[in-house]
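Take a look at the structure set out below.
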Amino acid sequence: MSNIIVVGAQWGDEGKGKIVDYLTEGTDVVVRAAGGNNAGHTVINGGTKYILHLIPSGILWKDKLCVIGNGVVMDPIGLIEEMNKLRGQGVTIEPDNLLISETCHLVLPYHRALDLAREVKRGDKKIGTTGRGIGPAYADKVERSGIRAILLTRPAELEEELRHRIAEHNVTLRDVGVDEVPADETVAKILAAAAILAPHVTNTTVRLHEAIQAGKKLLFEGAQGTYLDIDHGSYPFVTSSNTTAGGACTGSGVPPRMIDHVVAVAKAYTTRVGSGPFTTENEAIGDMLHNMGREFGATTGRARRCGWLDMVLIRYAVMINGADELAITNLDGLDGLDSIKICTAYRLDGKVIHYPPATISDIEKCEPIYEEHQGWKQDLSTIRDYKDLPDLAKSYLNRLSELAGARIALVGIGPSRDQTLIA
Ligand code: IMP
């Protein structure tokens with residue numbers, strides 16, 4: 001038995017989609033357990049580029065079961081758009097290969113409107129959300145006023161609940177000074193979406209346990225990254241769910257003792273979208289990567305902020321996720337550099353620390369302590385065997401592994417499925 005959780009060790013966008021796609025070959029069921037369509041996973045296969053937001057990337061494989069777990073917040077209209085786009089690319093999506101948890105919460109048009117309005121209100125303190133309504137949807141869930149996917153199978157109840165919640169949220173929308181959500185139009189749209197999605201809605205926890213009993217292997221596809229976790233991330237510049245390994249269990253109903261491995265995915269450098277402190281941020285690295293056509297967000301198209309690899313963050317991520325293996329992606333992004341820096345610790349108020357501080361003001365005061373490595377100055381993208389990597393690239397990876405306290409299992413040297421090396 002081998003059930004694996006894949007998590008991001010940084011601020012999301014670590015290339016998890018590709019690593020999950022790679023690991024999917026040896027698994028039977030792929031599960032999303034947190035987040036929503038704020039995620040954007042890019043997978044390139046057979047020359048075709050697929051962008052996934054809510055649907056687990058296992059959908060690109062013919063015989064895999066994909067599950068949207070109870071911990072996800074699911075935008076019915078966004079999900080249908082995504083399904084249609086993938087179908088247009090030849091992907092098969094049926095009620096028997098894509099299951100939606102009956103207890104996952106819906107993201108509705110008023111959540112999006114509130115998300116955008118609150119960001120405007122925050123002014124220069126804005127979080128830089130994806131504008132997908134994620135925060136307001138999770139807020140309703142925790143406040144116990146959310147609508148769950150089970151109602152997609154009960155149109156009369158859904159309509160009644162929607163009308164009630166639209167009226168309630170329109171009061172809030174008026175308060176923040178933005179347009180109300182039109183009730184009749186919204187109800188009609190969601191009912192139409194419900195008719196399409198209802199056959200996919202089921203008790204996914206039972207289905208996952210049945211799969212485990214039958215000896216099937218599960219892969220939990222993490223969304224976002226450790227430092228966007230609502231508890232462990234750089235609060236308040238975080239998303240609204242538990243993006244760390246524990247979230248895979250609460251967000252699916254699969255208990256911790258049924259998990260065998262945790263793989264943490266990290267880029268060979270650091271990126272972040274949205275606001276918030278970023279200790280190793282470096283504009284020159286950003287310019288270099290953007291000029292290479294890299295590091296633009298899959299969901300929003302925004303240019304990502306870039307910087308040197310921060311091992312303080314990765315070591316802490318390995319610890320709280322219980323990661324036994326690391327997948328390092330985008331190593332080829334560093335191909336052109338003469339010299340590469342790794343941040344090994346921070347200096348805060350004159351003291352050397354090895355963990356990220358809790359407050360934004362302390363993080364902002366942290367100075368990175370770097371060690372420097374000689375660059376390999378070679379195109380890695382055509383290499384197909386780990387042992388063929390240049391010695392300088394291997395020593396960079398060995399140092400990462402040593403600093404992180406986890407074995408490097410996979411190394412990405414390009415976006416395609418065959419550009420993943422087994423270490
Ligand atoms: P939200 O999840 O849209 O509320 O956004 C909150 C923060 O998480 C913002 O900084 C977003 O840019 C960031 N974020 C959310 N999803 C992703 C993702 O998939 N990759 C990278 N950043 C993300």
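One-based numbering along the sequence shown. Atoms within a ligand are numbered from 1 in the order they appear, just like the ligands themselves. Heavy-atom basis, side chains included; hydrogens, waters and symmetry copies ignored.
- Close N/O approach between R302 and ligand 1 is found [any backbone or side-chain N/O within under 3.5 Å].
- Looking at D21, its side chain never comes within 3.5 Å of a backbone N or O of G17 through a donor-acceptor pair.
- Contacts between F237 and ligand 1 below 4.0 angstrom, taking non-hydrogen atoms only, are absent altogether.
- Within the 4.0 Å heavy-atom criterion, the part of V238 lying near ligand 1 is the backbone and not the side chain.
- The shortest N or O to N or O distance between G128 and ligand 1 is under 3.5 Å.
- When only interatomic distances are considered, the shortest N/O to N/O separation between D13 and ligand 1 falls below 3.5 Å.
- Checked by distance only, ligand 1 and T239 come closer than 3.5 Å through their nitrogen or oxygen atoms.
- Considering backbone and side-chain N/O atoms, T129 never comes within less than 3.5 Å of an N/O atom of ligand 1.
- Remark: R118 engages L114, R122, P136, T172 in a side chain to side chain contact (heavy atoms under 4.5 Å, CB included) (not counting sequence neighbours).
- Every residue meeting the side chain to side chain contact (heavy atoms under 4.5 Å, CB included) condition with R112, not counting sequence neighbours, appears here in chain and number order: N37, D75, R132.
- At distances below 3.5 Å, not a single donor-acceptor pair connects side-chain atoms of S401 with backbone N or O atoms of L397.
- In this structure, OH in Y346 is found 3.5 Å from CG in D310, a value given to the nearest 0.5 Å.
- Between E180 and R174 there is a salt bridge, since at least one side-chain N of the basic residue sits less than 4.0 Å from a carboxylate O of the acidic one.
- Residue contacts with ligand 1, taken as heavy atom pairs separated by less than 4.0 Å, involve N38 via backbone and side-chain atoms alike.
- Residue contacts with ligand 1: Q224 is placed with a nitrogen or oxygen under 3.5 Å of a nitrogen or oxygen of the ligand (distance criterion only).
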